[in-house]
Amino acid sequence: MKYEPVYYSEYLQLDKILNSQHLKSQEYGTEAHDETLFIIIHQTYELWFKQIIHELNSVYKIFDHERVLPNTLGTINQRLSRIVEIQRILNDQLTVIETMTPLDFMDFRDYLVPASGFQSIQFRTIELKLGLRQKFRLGVDKEFFNSRLKAHDKEHLQALENEPTLLELIDKWLARMPFAQTEDYDFWQEYQIKINQILDEDQTIIQENKTLNAKEKEFELKNLEATRANYANLFDAQKYAKLQAGGLARFSREAKLAAIFIRLFRDEPILQIPNKLLDLLIDIDEMFTTWRYRHAIMVQRMLGTKIGTGGSSGHEYLKKSTDNNRVFIDLFNLATFLLPKSHIPSLPASVRKELGFSYEV
Ligand code: HEM
């Protein structure tokens, strides 16, 4: 035989995995029945985190180039889809830990201080690799979790801060996308004309609406002005830079425009895979946000308003971070800038022809 025979448990190194549940309750006194579940569920999460990082690293390798070849996008989408499926399991798994009651948890909780999910380096690695840099985190988060990490873990995360994030790689890739502007054609000019037309029509409809009283009209016109301002921000580099500085936009203006273009012309052959990629990034962000929210709710059920073993305000902190720690907010907000299909300016034949074939950016 060419290869050595393999034995199931040795190949999977089950002796290590299955002998890695050491109960603190047993060490200090009486075994708490649910501590085994508590350890195993965290270990399971960490294994899946490892797989997610493995997938993200491979996507990084493909993206971390000056050019992304079109025939690699399928692989990227396949790996990102895998992450989404793993996340689905991670979200569902919370119901298993919820079979533990707060009273059962109290049998061993005090032994765990100051350890906490705060110290999950793989979780932080995923967050960071996706795009959640320190500067985007909540204050409490930075202070607490940095002060509670061992030096080598701090160094690992600090080193990651110096690497580009997926958000930044996607940004660069989008910003390089051709099609919207050619030598003799500028899609964005046509788009702005259309938008102004639609907004002017909306304004007339509000002004001439006899069912609205003066106050209601004023209110609706104010909302319309806010919509106009949103578009103005997109087409004015200085205004857009202000949004970025205030954390309201993470993508560059060029990337945002390219993403809108992909959304508007998603049915063109060349844009179908990029469009799917944008959907997957939204899925990943949504799945993590769902996890954060469900974890926060589970924590409230388990601890009420008690502080966490890691020292944060517990449920309150987790609820805030659910809202704050989003990564691809720009992609969620793309819908703001879409037009009804009937109003999308048509593309010149030369551009349509290119969208039917392959390209490299
Ligand atoms: C009884 C079950 C659990 C309780 C009571 C609990 C409680 C908490 C609390 C209070 C925090 C905030 C930090 C702190 O002050 O400690 C936290 C953070 C965290 N927990 Fe849990 N947790 C539980 C289960 C899990 C499980 C199963 C995982 C899976 C890996 C997990 C992963 C995390 C992560 C990654 C954080 C950091 C979140 C962030 O900073 O955004 N937790 N947990």
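Both ligands and their constituent atoms are indexed starting at 1 by order of listing. All figures in this text were calculated on a predicted structure; none of them were measured in a lab. We count residues from 1, following the sequence as given.
How far CD of Glu55 is from CD1 of Ile126: 11.0 Å, rounded to the nearest 0.5 Å. The CG atom of Leu318 sits 9.0 Å away from the CE atom of Met298 when rounded to the nearest 0.5 Å.
At least one heavy atom of Trp291 sits less than 4.0 Å from an atom of ligand 1. Ligand 1 does not have Arg109 within reach: every non-hydrogen atom of the residue lies 4.0 Å or more from it. Using a 4.0 angstrom heavy-atom cutoff, Glu46 does not count as in contact with ligand 1. The closest approach between a heavy atom of Arg292 and any atom of ligand 1 is below 4.0 Å. Put simply, no part of Gln93 is less than 4.0 Å from ligand 1, judged by heavy atoms.
For the residues Pro102, Ser116, Gly308, the heavy atom positioned nearest atom 13 (C) of ligand 1 is part of Ser116.
A salt bridge between Lys215 and Glu218 is absent, with no side-chain N of the basic residue lying under 4.0 Å from a carboxylate O of the acidic one. A salt bridge is absent between Lys217 and Glu220: the closest approach of a Lys/Arg side-chain nitrogen to an acidic carboxylate oxygen does not fall below 4.0 angstrom. Ionic pairing of Asp279 and Arg263 is present here: one or more N-O contacts between side-chain nitrogen and carboxylate oxygen are shorter than 4.0 angstrom. For Arg250 and Asp330, the salt-bridge test fails: no basic side-chain N is under 4.0 Å from an acidic carboxylate O. Salt-bridge check for Arg228 with Asp200: passed, with a basic side-chain N closer than 4.0 Å to an acidic carboxylate O.
Below 4.0 Å from some heavy atom of Phe38 lie the following atoms of ligand 1, by number and element: 1 (C), 2 (C). Ligand 1 places these atoms under 4.0 Å from at least one heavy atom of Gly117: 19 (C), 20 (N), 33 (C), 34 (C), 35 (C), 36 (C), 37 (C). Those atoms of ligand 1 with a heavy atom of Met298 less than 4.0 angstrom away are 2 (C), 3 (C), 23 (C), 24 (C). The contact set between ligand 1 and Met100, taken as ligand atoms under 4.0 Å from a residue heavy atom, comprises 1 (C). Every atom of ligand 1 with a heavy atom of Gly310 under 4.0 Å away is listed here by number and element: 14 (C), 15 (O), 16 (O). When each atom of ligand 1 is checked for a heavy atom of Gly314 under 4.0 Å away, the hits are 10 (C). Shown in contact with Arg124 at under 4.0 Å from a heavy atom are these atoms of ligand 1, numbered in order with element: 37 (C), 39 (C), 40 (O).
Between Ser312 and ligand 1, at least one pair of N/O atoms sits closer than 3.5 Å. For ligand 1, the polar-atom distance check against Glu127 finds no nitrogen or oxygen pair separated by under 3.5 Å. An N or O contact shorter than 3.5 Å is missing between Ser120 and ligand 1 by distance.
Contacts with ligand 1 closer than 4.0 Å are made by no heavy atom of His315, backbone or side chain. Heavy atoms of Leu318 found under 4.0 angstrom from ligand 1 belong exclusively to the side chain. Contacts of Ser321 with ligand 1, taken as heavy-atom pairs under 4.0 Å, involve the side chain alone.
The minimum heavy-atom distance linking Ser252 with Gln244 is given by the pair CA-NE2, 3.6 Å.
Not a single donor-acceptor pair under 3.5 Å links the side chain of Gln181 to the backbone N or O of Phe187. Formation of a donor-acceptor pair under 3.5 Å by the Ser312 side chain with backbone atoms of Gly308 is not found in this model.
For Glu35 and Ser25, the side-chain atoms include at least one donor-acceptor pair closer than 3.5 Å.
When each of Asp236, Asn196, Leu199 is paired with Tyr231, the side chain to side chain contact (heavy atoms under 4.5 Å, CB included) condition holds for Leu199 and for no other.
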